[in-house]
Peer 1: 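Sharing a structure, written as C-alpha coordinates. Questions coming.
Keep in mind the model is a prediction, meaning the values are calculated, not measured.
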Amino acid sequence: MIPRYLVDFSLDKLPHVQTDVVVIGAGIAGLFTAIRASETHNVLMITKKSLLDSNTRYAQGGIAAVISDEDSPEYHRQDTLIAGAGLCDHEAVDVLVHEGPEGVKDLIRMGTQFDLENGEFALTKEGAHSQRRILHAQGDATGAEIVRALSEKSKQSEKIQLWDDHYVIDLITYQNECKGVLVQKPDGQRVYVSANAIILCSGGTGQLYRYTTNPDIATGDGIAMAYRAGALIRDMEFVQFHPTSLCYPGAPRFLISEALRGEGAVLRNIRGERFMEKVHPLLELAPRDIVARAIVNEMENTKSTFVYIDITHEPADMVKHRFPNIYEYCLTYGLDVTSDWIPVAPAAHYMMGGIRTDLNGQTSIKRLYACGEVSSTGVHGANRLASNSLSEAIVFGRRIIEHIAGLSEQDLAADFSEHSHKPVGPMQAIVEKRLKLQKIMLRYVGLVRNAKGLEKGLEELKRQLS
(Lines give C-alpha, C1' and ligand atoms only; values in the text may rest on other atoms or scores of the structure.)
Protein backbone atom coordinates (compact mmCIF):
# COMPACT_ATOMS: atom_id res chain seq x y z
CA MET A 1 0.00 0.00 0.00
CA ILE A 2 1.51 3.32 -1.07
CA PRO A 3 0.89 6.01 1.56
CA ARG A 4 -0.59 9.37 0.59
CA TYR A 5 2.09 11.19 2.61
CA LEU A 6 5.51 9.92 3.64
CA VAL A 7 5.59 11.51 7.11
CA ASP A 8 3.19 12.64 9.81
CA PHE A 9 2.51 16.35 10.10
CA SER A 10 0.03 19.02 11.13
CA LEU A 11 0.25 22.15 9.01
CA ASP A 12 -1.06 24.49 11.70
CA LYS A 13 1.88 23.47 13.91
CA LEU A 14 4.56 23.99 11.27
CA PRO A 15 6.37 27.21 10.32
CA HIS A 16 4.58 28.65 7.30
CA VAL A 17 6.13 30.48 4.33
CA GLN A 18 4.07 32.03 1.55
CA THR A 19 5.21 32.97 -1.96
CA ASP A 20 3.81 33.31 -5.47
CA VAL A 21 5.57 30.46 -7.26
CA VAL A 22 7.54 27.47 -5.98
CA VAL A 23 9.99 25.82 -8.40
CA ILE A 24 11.32 22.40 -7.38
CA GLY A 25 14.61 21.50 -9.08
CA ALA A 26 17.61 23.33 -10.50
CA GLY A 27 18.29 21.94 -13.96
CA ILE A 28 17.50 23.85 -17.13
CA ALA A 29 13.75 23.48 -16.53
CA GLY A 30 13.90 24.79 -12.96
CA LEU A 31 16.32 27.63 -13.62
CA PHE A 32 14.64 28.78 -16.81
CA THR A 33 11.10 28.77 -15.40
CA ALA A 34 12.25 30.48 -12.20
CA ILE A 35 13.91 33.28 -14.16
CA ARG A 36 10.90 33.77 -16.42
CA ALA A 37 8.50 33.62 -13.47
CA SER A 38 10.54 36.20 -11.53
CA GLU A 39 9.73 38.82 -14.16
CA THR A 40 6.25 39.13 -12.59
CA HIS A 41 6.23 36.93 -9.47
CA ASN A 42 8.13 36.20 -6.29
CA VAL A 43 9.77 32.80 -6.71
CA LEU A 44 11.14 30.26 -4.25
CA MET A 45 13.51 27.72 -5.83
CA ILE A 46 14.04 24.54 -3.83
CA THR A 47 16.77 22.03 -4.66
CA LYS A 48 18.00 19.09 -2.63
CA LYS A 49 21.62 19.88 -3.46
CA SER A 50 22.83 23.02 -5.24
CA LEU A 51 22.24 24.99 -8.43
CA LEU A 52 25.10 23.10 -10.06
CA ASP A 53 23.73 19.62 -9.31
CA SER A 54 21.36 18.41 -12.01
CA ASN A 55 21.14 16.19 -15.08
CA THR A 56 21.44 19.31 -17.25
CA ARG A 57 24.98 19.92 -16.04
CA TYR A 58 26.08 16.62 -17.60
CA ALA A 59 24.39 17.16 -20.97
CA GLN A 60 27.15 17.04 -23.58
CA GLY A 61 25.62 16.99 -27.05
CA GLY A 62 23.58 20.17 -27.18
CA ILE A 63 20.14 21.59 -27.83
CA ALA A 64 18.08 20.91 -30.95
CA ALA A 65 16.41 23.84 -32.71
CA VAL A 66 15.82 24.97 -36.27
CA ILE A 67 18.50 27.60 -36.87
CA SER A 68 19.97 26.86 -40.32
CA ASP A 69 18.36 28.07 -43.54
CA GLU A 70 18.68 24.51 -44.86
CA ASP A 71 16.56 23.22 -41.98
CA SER A 72 12.84 23.63 -41.27
CA PRO A 73 10.31 22.91 -38.48
CA GLU A 74 8.80 20.24 -40.73
CA TYR A 75 12.14 18.39 -40.98
CA HIS A 76 12.55 18.61 -37.20
CA ARG A 77 8.98 17.39 -36.75
CA GLN A 78 9.51 14.39 -39.03
CA ASP A 79 12.72 13.40 -37.27
CA THR A 80 11.04 13.63 -33.84
CA LEU A 81 8.07 11.52 -34.92
CA ILE A 82 10.26 8.84 -36.50
CA ALA A 83 12.50 8.59 -33.42
CA GLY A 84 9.41 8.44 -31.19
CA ALA A 85 8.27 5.23 -32.93
CA GLY A 86 4.89 6.71 -33.87
CA LEU A 87 3.89 7.35 -30.26
CA CYS A 88 4.47 11.12 -30.01
CA ASP A 89 1.69 13.63 -29.43
CA HIS A 90 1.70 15.46 -32.78
CA GLU A 91 0.39 18.72 -31.34
CA ALA A 92 3.10 18.77 -28.66
CA VAL A 93 5.77 18.08 -31.28
CA ASP A 94 4.48 20.99 -33.39
CA VAL A 95 4.81 23.26 -30.35
CA LEU A 96 8.39 22.12 -29.78
CA VAL A 97 9.69 22.51 -33.32
CA HIS A 98 8.07 25.91 -33.93
CA GLU A 99 8.82 27.52 -30.55
CA GLY A 100 12.26 25.99 -29.96
CA PRO A 101 14.23 28.67 -31.85
CA GLU A 102 12.71 31.47 -29.76
CA GLY A 103 13.55 29.52 -26.62
CA VAL A 104 17.18 29.31 -27.74
CA LYS A 105 17.16 33.09 -28.18
CA ASP A 106 15.94 33.35 -24.58
CA LEU A 107 18.90 31.27 -23.43
CA ILE A 108 21.28 33.53 -25.34
CA ARG A 109 19.67 36.64 -23.82
CA MET A 110 20.19 35.05 -20.42
CA GLY A 111 23.91 34.69 -21.09
CA THR A 112 24.42 31.26 -22.66
CA GLN A 113 27.35 31.29 -25.08
CA PHE A 114 26.99 28.69 -27.82
CA ASP A 115 29.96 27.76 -30.00
CA LEU A 116 30.46 29.72 -33.22
CA GLU A 117 32.24 29.04 -36.52
CA ASN A 118 33.00 31.99 -38.76
CA GLY A 119 30.50 34.10 -36.86
CA GLU A 120 27.66 31.57 -37.26
CA PHE A 121 26.36 28.97 -34.81
CA ALA A 122 28.42 25.77 -35.03
CA LEU A 123 25.73 23.19 -35.70
CA THR A 124 26.28 19.45 -35.42
CA LYS A 125 24.27 16.35 -36.17
CA GLU A 126 23.20 13.51 -33.88
CA GLY A 127 21.34 10.22 -34.16
CA ALA A 128 18.09 10.28 -36.20
CA HIS A 129 18.50 13.97 -37.16
CA SER A 130 18.29 14.58 -40.90
CA GLN A 131 19.89 18.03 -40.57
CA ARG A 132 22.67 19.69 -38.59
CA ARG A 133 20.60 21.49 -35.95
CA ILE A 134 22.36 20.84 -32.64
CA LEU A 135 23.81 23.94 -30.97
CA HIS A 136 26.59 23.16 -28.52
CA ALA A 137 28.85 25.01 -26.09
CA GLN A 138 32.51 24.58 -25.13
CA GLY A 139 32.63 21.62 -27.50
CA ASP A 140 30.92 18.96 -25.42
CA ALA A 141 29.95 20.88 -22.26
CA THR A 142 26.64 22.38 -23.37
CA GLY A 143 24.73 21.53 -20.21
CA ALA A 144 27.42 22.97 -17.95
CA GLU A 145 27.43 26.23 -19.92
CA ILE A 146 23.64 26.54 -19.76
CA VAL A 147 23.63 25.89 -16.01
CA ARG A 148 26.44 28.44 -15.55
CA ALA A 149 24.57 31.13 -17.45
CA LEU A 150 21.16 30.50 -15.90
CA SER A 151 22.45 30.15 -12.35
CA GLU A 152 24.28 33.47 -12.67
CA LYS A 153 21.15 35.07 -14.12
CA SER A 154 18.98 33.72 -11.32
CA LYS A 155 21.29 35.17 -8.67
CA GLN A 156 20.81 38.62 -10.20
CA SER A 157 17.07 38.58 -9.55
CA GLU A 158 15.82 40.03 -6.27
CA LYS A 159 12.59 38.09 -6.74
CA ILE A 160 14.21 34.65 -6.67
CA GLN A 161 14.95 33.11 -3.30
CA LEU A 162 17.01 29.91 -3.29
CA TRP A 163 16.74 27.12 -0.77
CA ASP A 164 19.51 24.65 -1.58
CA ASP A 165 20.16 21.51 0.45
CA HIS A 166 16.41 21.40 1.16
CA TYR A 167 14.25 18.36 0.46
CA VAL A 168 10.64 18.52 -0.70
CA ILE A 169 8.93 15.60 1.00
CA ASP A 170 5.42 15.90 -0.40
CA LEU A 171 2.92 18.03 -2.26
CA ILE A 172 0.09 19.33 -0.08
CA THR A 173 -3.24 19.00 -1.85
CA TYR A 174 -6.90 19.58 -1.04
CA GLN A 175 -9.80 18.67 -3.34
CA ASN A 176 -7.46 18.05 -6.29
CA GLU A 177 -5.74 21.41 -5.89
CA CYS A 178 -2.08 21.84 -4.97
CA LYS A 179 -1.76 24.22 -2.03
CA GLY A 180 1.96 23.97 -1.40
CA VAL A 181 4.78 21.68 -0.35
CA LEU A 182 6.13 20.10 2.81
CA VAL A 183 9.87 20.82 2.99
CA GLN A 184 12.64 19.50 5.21
CA LYS A 185 15.48 21.91 5.97
CA PRO A 186 19.15 20.91 6.35
CA ASP A 187 18.79 20.90 10.17
CA GLY A 188 15.84 18.48 9.98
CA GLN A 189 13.18 21.10 10.70
CA ARG A 190 10.09 20.94 8.50
CA VAL A 191 8.21 23.86 7.03
CA TYR A 192 5.03 24.31 5.04
CA VAL A 193 5.39 26.48 1.92
CA SER A 194 2.19 27.64 0.22
CA ALA A 195 2.08 29.23 -3.23
CA ASN A 196 -0.22 30.16 -6.09
CA ALA A 197 1.58 27.71 -8.37
CA ILE A 198 3.93 24.78 -7.85
CA ILE A 199 6.26 23.80 -10.73
CA LEU A 200 7.92 20.41 -10.54
CA CYS A 201 11.27 20.42 -12.39
CA SER A 202 12.86 17.62 -10.40
CA GLY A 203 14.35 15.56 -13.22
CA GLY A 204 14.36 11.88 -14.06
CA THR A 205 14.72 8.39 -12.66
CA GLY A 206 18.15 7.12 -13.74
CA GLN A 207 19.07 5.88 -10.26
CA LEU A 208 16.42 3.16 -10.56
CA TYR A 209 19.19 1.33 -12.44
CA ARG A 210 22.63 0.14 -11.39
CA TYR A 211 24.18 1.50 -14.59
CA THR A 212 23.16 5.03 -15.52
CA THR A 213 24.60 8.21 -16.96
CA ASN A 214 22.58 10.21 -14.39
CA PRO A 215 24.02 11.73 -11.20
CA ASP A 216 22.95 10.33 -7.82
CA ILE A 217 20.20 12.95 -7.41
CA ALA A 218 18.09 11.47 -10.26
CA THR A 219 15.85 9.37 -8.03
CA GLY A 220 12.39 10.16 -9.42
CA ASP A 221 11.23 12.13 -6.35
CA GLY A 222 8.97 14.47 -8.31
CA ILE A 223 7.13 11.73 -10.17
CA ALA A 224 6.68 9.81 -6.92
CA MET A 225 5.26 12.74 -4.95
CA ALA A 226 2.93 13.65 -7.83
CA TYR A 227 1.75 10.04 -7.99
CA ARG A 228 1.04 10.01 -4.24
CA ALA A 229 -0.92 13.24 -4.70
CA GLY A 230 -3.09 11.62 -7.39
CA ALA A 231 -1.62 13.23 -10.53
CA LEU A 232 -1.90 11.24 -13.75
CA ILE A 233 1.35 9.48 -14.66
CA ARG A 234 1.95 7.94 -18.08
CA ASP A 235 4.44 6.11 -20.32
CA MET A 236 6.72 5.03 -17.47
CA GLU A 237 7.78 2.02 -19.57
CA PHE A 238 9.53 4.39 -22.00
CA VAL A 239 13.04 4.51 -20.53
CA GLN A 240 15.81 5.56 -22.89
CA PHE A 241 19.14 3.78 -22.63
CA HIS A 242 21.99 5.79 -24.09
CA PRO A 243 23.94 3.52 -26.43
CA THR A 244 27.42 4.69 -25.48
CA SER A 245 28.46 5.11 -21.87
CA LEU A 246 32.05 4.44 -20.85
CA CYS A 247 32.46 0.81 -19.77
CA TYR A 248 35.89 0.53 -18.23
CA PRO A 249 37.13 -1.00 -14.93
CA GLY A 250 37.11 1.56 -12.14
CA ALA A 251 35.33 4.25 -14.17
CA PRO A 252 31.74 5.46 -13.65
CA ARG A 253 29.29 5.10 -16.55
CA PHE A 254 30.39 8.39 -18.07
CA LEU A 255 28.41 9.54 -21.12
CA ILE A 256 30.22 9.37 -24.46
CA SER A 257 28.18 11.88 -26.42
CA GLU A 258 26.16 10.93 -29.49
CA ALA A 259 27.76 13.97 -31.10
CA LEU A 260 30.94 11.90 -31.35
CA ARG A 261 29.13 9.68 -33.86
CA GLY A 262 27.71 12.79 -35.47
CA GLU A 263 31.28 13.86 -36.21
CA GLY A 264 32.30 10.53 -37.72
CA ALA A 265 32.85 8.00 -34.92
CA VAL A 266 31.91 4.38 -35.68
CA LEU A 267 30.99 1.39 -33.54
CA ARG A 268 33.01 -1.83 -33.58
CA ASN A 269 32.58 -5.14 -31.79
CA ILE A 270 35.43 -6.69 -29.79
CA ARG A 271 36.74 -8.25 -33.01
CA GLY A 272 37.05 -4.78 -34.52
CA GLU A 273 34.16 -5.27 -36.95
CA ARG A 274 31.59 -2.57 -37.70
CA PHE A 275 28.07 -3.91 -37.25
CA MET A 276 25.55 -1.07 -37.66
CA GLU A 277 25.57 -1.43 -41.46
CA LYS A 278 23.63 -4.68 -41.10
CA VAL A 279 21.13 -3.08 -38.72
CA HIS A 280 19.95 0.28 -40.09
CA PRO A 281 20.55 2.50 -43.17
CA LEU A 282 21.53 5.41 -40.90
CA LEU A 283 24.31 3.24 -39.43
CA GLU A 284 25.68 4.74 -36.17
CA LEU A 285 23.22 7.64 -36.44
CA ALA A 286 20.10 5.49 -36.25
CA PRO A 287 17.64 6.32 -33.41
CA ARG A 288 19.06 5.64 -29.95
CA ASP A 289 16.85 2.67 -29.14
CA ILE A 290 17.90 0.90 -32.33
CA VAL A 291 21.61 1.55 -31.74
CA ALA A 292 21.38 0.48 -28.08
CA ARG A 293 19.62 -2.79 -28.92
CA ALA A 294 22.11 -3.47 -31.72
CA ILE A 295 24.98 -3.03 -29.25
CA VAL A 296 23.39 -5.42 -26.75
CA ASN A 297 22.83 -7.97 -29.52
CA GLU A 298 26.46 -7.65 -30.62
CA MET A 299 27.65 -8.04 -27.02
CA GLU A 300 25.63 -11.23 -26.67
CA ASN A 301 26.86 -12.65 -29.98
CA THR A 302 30.51 -11.96 -29.15
CA LYS A 303 30.14 -12.84 -25.44
CA SER A 304 31.48 -9.45 -24.41
CA THR A 305 30.40 -6.79 -21.91
CA PHE A 306 31.13 -3.88 -24.26
CA VAL A 307 31.72 -2.69 -27.81
CA TYR A 308 34.08 0.04 -29.00
CA ILE A 309 33.48 3.54 -30.28
CA ASP A 310 36.22 4.58 -32.69
CA ILE A 311 37.02 8.11 -33.88
CA THR A 312 40.75 7.55 -34.34
CA HIS A 313 40.43 8.12 -38.10
CA GLU A 314 39.48 11.78 -37.56
CA PRO A 315 42.15 14.49 -37.04
CA ALA A 316 43.35 14.50 -33.42
CA ASP A 317 43.23 18.29 -33.15
CA MET A 318 39.59 18.33 -34.26
CA VAL A 319 38.62 15.68 -31.71
CA LYS A 320 40.38 17.49 -28.86
CA HIS A 321 38.81 20.81 -29.83
CA ARG A 322 35.31 19.45 -30.39
CA PHE A 323 35.22 17.07 -27.41
CA PRO A 324 37.57 18.47 -24.76
CA ASN A 325 35.53 17.17 -21.83
CA ILE A 326 35.34 13.59 -23.14
CA TYR A 327 39.01 13.68 -24.16
CA GLU A 328 40.22 14.83 -20.74
CA TYR A 329 37.93 12.49 -18.81
CA CYS A 330 38.96 9.38 -20.73
CA LEU A 331 42.60 10.39 -20.43
CA THR A 332 42.33 10.17 -16.62
CA TYR A 333 41.71 6.45 -17.08
CA GLY A 334 44.55 5.99 -19.57
CA LEU A 335 42.33 6.11 -22.65
CA ASP A 336 43.18 8.49 -25.49
CA VAL A 337 40.12 9.08 -27.67
CA THR A 338 42.32 10.25 -30.56
CA SER A 339 44.29 6.97 -30.72
CA ASP A 340 42.34 4.37 -28.71
CA TRP A 341 39.04 2.64 -29.30
CA ILE A 342 36.87 3.45 -26.28
CA PRO A 343 34.90 0.61 -24.63
CA VAL A 344 31.21 1.51 -24.25
CA ALA A 345 27.89 -0.10 -23.35
CA PRO A 346 24.29 1.14 -22.98
CA ALA A 347 23.16 2.68 -19.69
CA ALA A 348 19.88 4.12 -18.40
CA HIS A 349 19.76 7.71 -19.53
CA TYR A 350 16.37 9.43 -19.84
CA MET A 351 12.73 8.95 -18.80
CA MET A 352 10.33 9.81 -21.62
CA GLY A 353 7.31 9.13 -19.41
CA GLY A 354 6.40 11.04 -16.27
CA ILE A 355 3.70 13.36 -15.01
CA ARG A 356 1.16 13.93 -17.76
CA THR A 357 0.77 17.57 -18.73
CA ASP A 358 -1.19 19.56 -21.28
CA LEU A 359 0.40 21.98 -23.73
CA ASN A 360 0.74 24.55 -20.93
CA GLY A 361 2.62 22.21 -18.64
CA GLN A 362 -0.41 21.82 -16.37
CA THR A 363 -0.91 18.47 -14.64
CA SER A 364 -4.22 16.86 -13.71
CA ILE A 365 -3.99 18.62 -10.33
CA LYS A 366 -4.95 22.29 -10.34
CA ARG A 367 -2.05 24.74 -9.84
CA LEU A 368 0.52 21.94 -10.16
CA TYR A 369 2.79 22.14 -13.23
CA ALA A 370 5.60 19.90 -14.46
CA CYS A 371 8.50 20.76 -16.76
CA GLY A 372 11.53 18.93 -18.09
CA GLU A 373 12.29 15.25 -17.63
CA VAL A 374 9.81 14.86 -14.76
CA SER A 375 6.98 15.66 -17.18
CA SER A 376 5.32 13.75 -19.99
CA THR A 377 4.33 16.33 -22.58
CA GLY A 378 3.98 13.76 -25.35
CA VAL A 379 6.89 15.18 -27.35
CA HIS A 380 9.23 12.20 -27.10
CA GLY A 381 7.01 9.20 -27.71
CA ALA A 382 8.75 5.90 -27.08
CA ASN A 383 12.26 7.18 -27.77
CA ARG A 384 13.55 10.74 -27.38
CA LEU A 385 15.21 12.33 -30.39
CA ALA A 386 18.72 13.37 -29.35
CA SER A 387 18.99 16.90 -27.86
CA ASN A 388 15.23 17.50 -27.83
CA SER A 389 15.11 17.44 -24.03
CA LEU A 390 16.76 20.83 -23.45
CA SER A 391 14.48 22.35 -26.10
CA GLU A 392 11.42 20.83 -24.45
CA ALA A 393 12.35 22.33 -21.07
CA ILE A 394 12.58 25.91 -22.34
CA VAL A 395 9.60 25.70 -24.71
CA PHE A 396 7.19 24.35 -22.10
CA GLY A 397 8.80 26.39 -19.33
CA ARG A 398 7.82 29.55 -21.25
CA ARG A 399 4.30 28.21 -21.71
CA ILE A 400 3.92 27.43 -18.01
CA ILE A 401 4.83 30.98 -16.99
CA GLU A 402 2.50 32.46 -19.61
CA HIS A 403 -0.32 30.28 -18.28
CA ILE A 404 0.33 31.25 -14.67
CA ALA A 405 0.35 34.93 -15.65
CA GLY A 406 -3.10 34.47 -17.19
CA LEU A 407 -4.70 33.03 -14.06
CA SER A 408 -7.35 35.20 -12.47
CA GLU A 409 -7.73 35.84 -8.75
CA GLN A 410 -10.62 33.37 -8.75
CA ASP A 411 -8.27 30.70 -10.04
CA LEU A 412 -5.93 31.24 -7.10
CA ALA A 413 -7.78 29.75 -4.16
CA ALA A 414 -7.11 30.92 -0.62
CA ASP A 415 -4.57 29.07 1.47
CA PHE A 416 -5.57 26.61 4.17
CA SER A 417 -3.71 25.26 7.19
CA GLU A 418 -6.03 22.86 9.01
CA HIS A 419 -4.53 19.72 7.57
CA SER A 420 -2.79 16.86 9.28
CA HIS A 421 -1.68 13.33 8.64
CA LYS A 422 -1.07 10.45 10.98
CA PRO A 423 2.28 8.64 11.11
CA VAL A 424 3.18 6.05 8.52
CA GLY A 425 4.79 2.81 9.57
CA PRO A 426 8.58 2.29 9.90
CA MET A 427 10.52 2.18 6.64
CA GLN A 428 13.44 -0.08 5.68
CA ALA A 429 16.86 1.42 5.20
CA ILE A 430 16.71 3.43 1.97
CA VAL A 431 20.11 2.27 0.74
CA GLU A 432 19.15 -1.38 1.09
CA LYS A 433 15.79 -0.87 -0.64
CA ARG A 434 17.39 1.06 -3.50
CA LEU A 435 19.99 -1.63 -4.15
CA LYS A 436 17.33 -4.36 -4.27
CA LEU A 437 15.20 -2.25 -6.61
CA GLN A 438 18.16 -1.57 -8.92
CA LYS A 439 18.91 -5.28 -9.18
CA ILE A 440 15.30 -6.04 -10.15
CA MET A 441 15.25 -3.24 -12.71
CA LEU A 442 18.56 -4.36 -14.24
CA ARG A 443 17.49 -7.99 -14.47
CA TYR A 444 13.89 -7.66 -15.65
CA VAL A 445 13.16 -4.07 -16.76
CA GLY A 446 16.23 -3.23 -18.79
CA LEU A 447 16.85 -2.48 -22.42
CA VAL A 448 15.47 -5.84 -23.60
CA ARG A 449 12.28 -7.02 -21.84
CA ASN A 450 9.55 -9.62 -22.16
CA ALA A 451 6.25 -10.33 -20.44
CA LYS A 452 7.58 -13.29 -18.43
CA GLY A 453 10.49 -11.28 -17.04
CA LEU A 454 8.31 -8.28 -16.20
CA GLU A 455 5.86 -10.51 -14.31
CA LYS A 456 8.72 -12.09 -12.36
CA GLY A 457 10.17 -8.68 -11.54
CA LEU A 458 6.79 -7.50 -10.29
CA GLU A 459 6.48 -10.58 -8.07
CA GLU A 460 9.92 -9.92 -6.54
CA LEU A 461 9.04 -6.27 -5.96
CA LYS A 462 5.78 -7.22 -4.22
CA ARG A 463 7.68 -9.64 -1.96
CA GLN A 464 10.04 -6.88 -0.93
CA LEU A 465 7.15 -4.56 -0.07
CA SER A 466 5.16 -7.16 1.85
Peer 1: Do T33 and Y369 have side chains that get closer than 4.5 Å, going by heavy atoms?
Peer 2: no

Peer 1: Any sub-3.5 Å donor-acceptor pair from E373's side-chain atoms to M351's backbone N or O?
Peer 2: yes

Peer 1: Looking at N214 and G206, would you say the former's side chain and the latter's main chain have a donor-acceptor pair under 3.5 Å?
Peer 2: yes

Peer 1: Looking only at non-hydrogen atoms, find the nearest pair between P324 and G139 and report the distance.
Peer 2: CD-CA, 4.1 Å

Peer 1: Quiz question: by atom type and distance under 3.5 Å, do the side chains of S68 and E70 form a donor-acceptor pair?
Peer 2: yes

Peer 1: Pair H129, Y75 - check ring-ring contact (aromatic ring centres under 6.0 Å, His included), show working.
Peer 2: CA-CA 9 Å; H129 285 273; Y75 289 153; over 10 Å; no

Peer 1: Please identify each residue that fulfils side-chain hydrogen bond (donor to acceptor under 3.5 Å, both in side chains) with D187, with sequence neighbours left out.
Peer 2: none

Peer 1: In this structure, is the centre-to-centre distance between the rings of Y209 and F241 below 6.0 Å?
Peer 2: yes

Peer 1: Could D106 and R398 be called an ion pair, given the rule that one side-chain N must be under 4.0 Å from one carboxylate O?
Peer 2: yes

Peer 1: For D115, give me all partners under side-chain hydrogen bond (donor to acceptor under 3.5 Å, both in side chains), at least two apart in sequence or on another chain.
Peer 2: H136

Peer 1: Measure from the side-chain N and O atoms of D358 to the backbone N and O of G361, and report whether any donor-acceptor pair falls under 3.5 Å.
Peer 2: yes

Peer 1: Return the OG to CG distance between S194 and D20, rounded to the nearest 0.5 Å.
Peer 2: 10.0 Å

Peer 1: Ion pair present between R133 and D79, side-chain N to carboxylate O less than 4.0 angstrom?
Peer 2: yes

Peer 1: Could you walk me through whether S257 and R322 pass the side chain to side chain donor-acceptor pair (under 3.5 Å) test, one step at a time?
Peer 2: CA-CA 11 Å; S257 173; R322 180 65 180 83; over 6 Å; no

Peer 1: Do Y350 and H380 make the cut of ring centroids closer than 6.0 angstrom?
Peer 2: yes

Peer 1: Looking at residues at least two apart in the chain, or sitting in another chain, which of them share a side-chain hydrogen bond (donor to acceptor under 3.5 Å, both in side chains) with E102?
Peer 2: R109

Peer 1: Sequence neighbours excluded, which residues qualify as side-chain contact (heavy atoms from CB on, under 4.5 Å) partners of R443?
Peer 2: E460

Peer 1: So with a 6.0 Å cut-off around NE2 of H90, is the heavy-atom count from everything else above 12?
Peer 2: yes

Peer 1: Nearest 0.5 angstrom please: L11 CG to I172 CD1, how far?
Peer 2: 5.0 Å

Peer 1: Do Q362 and T357 pair up side chain to side chain, a donor and an acceptor below 3.5 Å, judged on atom types alone?
Peer 2: no

Peer 1: Please determine if R399 and E99 form a salt bridge, counting it only when a charged side-chain N lies under 4.0 Å from a carboxylate O.
Peer 2: yes

Peer 1: Report the C-alpha distance between R77 and D94 in whole Å, list the side-chain angles of each, state the deciding distance to 0.1 Å, and finish with yes or no for salt bridge (Lys or Arg N to Asp or Glu O under 4.0 Å).
Peer 2: CA-CA 7 Å; R77 179 180 185 274; D94 284 340; 2.7 Å; yes

Peer 1: Any donor and acceptor pair, going by atom type alone, linking the side chain of S157 with main-chain N or O of S154 inside 3.5 Å?
Peer 2: no

Peer 1: List the steps, then state whether side chain to side chain donor-acceptor pair (under 3.5 Å) holds for N388 with T80.
Peer 2: CA-CA 8 Å; N388 264 0; T80 300; 3.1 Å; yes

Peer 1: To the nearest 0.5 angstrom, please state how far the CG atom of D71 sits from the CG atom of L123.
Peer 2: 8.5 Å

Peer 1: Identify the heavy atoms of V93 and C88 that sit nearest to each other, and give their distance.
Peer 2: CG2-CB, 3.7 Å

Peer 1: CD1 of I290 to CG of N383: how many Å apart, nearest 0.5 Å?
Peer 2: 8.0 Å

Peer 1: Side chains of M225 and V168: closer than 4.5 Å at any heavy-atom pair?
Peer 2: yes

Peer 1: Do side-chain atoms of S391 reach the backbone of A64 as a donor and acceptor pair under 3.5 angstrom?
Peer 2: yes

Peer 1: Would you say R449's side chain and G446's backbone share a donor-acceptor pair under 3.5 angstrom?
Peer 2: yes

Peer 1: Within a strict 4.5 Å, meaning less than it, do heavy atoms of the F9 and L182 side chains meet?
Peer 2: yes

Peer 1: Give a yes or no on whether the backbone of I217 and the side-chain of Q207 come within a donor-acceptor separation of less than 3.5 Å.
Peer 2: no

Peer 1: Please tabulate, one pair per line, all N/O donor-acceptor pairs under 3.5 Å involving side-chain atoms of residues 143-150, not counting sequence neighbours.
Peer 2:
from	atom 1	to	atom 2	distance (Å)
E145	OE1	Q138	NE2	3.1
E145	OE1	R148	NE	2.9
E145	OE2	Q113	N	2.9
E145	OE2	R148	NH2	2.7
R148	NH1	E152	OE1	3.1
R148	NH1	E152	OE2	3.4
R148	NH2	G111	O	3.1

Peer 1: Does S245 use its side chain to pair, donor to acceptor, with the backbone of A345 at less than 3.5 Å?
Peer 2: yes

Peer 1: Taking all non-hydrogen atoms of both residues into account, name the closest pair between A229 and I365 and its distance.
Peer 2: O-CD1, 3.5 Å

Peer 1: Using a strict cut-off of less than 4.0 Å between a Lys/Arg side-chain nitrogen and an Asp/Glu carboxylate oxygen, indicate whether D165 and K185 qualify as a salt bridge.
Peer 2: no

Peer 1: Got I400 and N360 here, is their nearest side-chain heavy-atom distance under 4.5 Å?
Peer 2: no

Peer 1: So, the side chain of R356 versus the backbone of S376: is there a donor-acceptor pair under 3.5 Å, distance only?
Peer 2: no

Peer 1: How would you list, by chain and number, every residue that makes a side-chain hydrogen bond (donor to acceptor under 3.5 Å, both in side chains) with T142, sequence neighbours excluded?
Peer 2: none

Peer 1: Roughly how far, to the nearest 0.5 Å, is the CG atom of L44 from the NE2 atom of H166?
Peer 2: 8.5 Å

Peer 1: Using a 4.5 Å cut-off on heavy atoms from C-beta on, say whether the side chain of I401 contacts that of F396.
Peer 2: no

Peer 1: Could you check whether atom CD of E117 has more than 12 heavy atoms from other residues, nucleotides or ligands sitting under 6.0 Å from it?
Peer 2: no

Peer 1: Can you confirm whether the side chains of T213 and H242 place a donor and an acceptor under 3.5 Å from each other?
Peer 2: no

Peer 1: Can any side-chain N or O of S364 pair as donor or acceptor with the backbone N or O of L232 at less than 3.5 Å?
Peer 2: yes

Peer 1: For R228, is there an ion pair with D170 - N to carboxylate O distance below 4.0 angstrom?
Peer 2: yes

Peer 1: Between T377 and E392, does the side chain to side chain donor-acceptor pair (under 3.5 Å) criterion hold? Intermediate values first, please.
Peer 2: CA-CA 9 Å; T377 62; E392 180 193 37; 2.6 Å; yes

Peer 1: Run through I198, I160, V43 and flag the one making a side chain to side chain contact (heavy atoms under 4.5 Å, CB included) with V23.
Peer 2: V43

Peer 1: Do T219 and K48 get their side chains close enough for a donor-acceptor pair, meaning under 3.5 Å?
Peer 2: yes

Peer 1: State whether E263 and R132 are salt-bridged, where the test is any N-O pair (Lys NZ or Arg NE/NH1/NH2 against Asp/Glu carboxylate O) under 4.0 Å.
Peer 2: yes

Peer 1: Look up atom CG in L171 and atom CZ in R367, then write down how far apart they are to the nearest 0.5 Å.
Peer 2: 12.0 Å

Peer 1: Between Q131 and K125, which heavy-atom pair has the shortest distance, and what is it?
Peer 2: O-CG, 3.8 Å

Peer 1: Ignoring hydrogens, what is the shortest heavy-atom contact between R190 and P15? Give both atom names and the distance.
Peer 2: O-CD, 3.4 Å

Peer 1: Suppose we call two aromatic rings close when their centres sit under 6.0 Å apart. Are H16 and Y192 close by that rule?
Peer 2: yes

Peer 1: Any idea which heavy atoms bring I28 and A393 closest together, and the distance?
Peer 2: CG2-CB, 3.7 Å

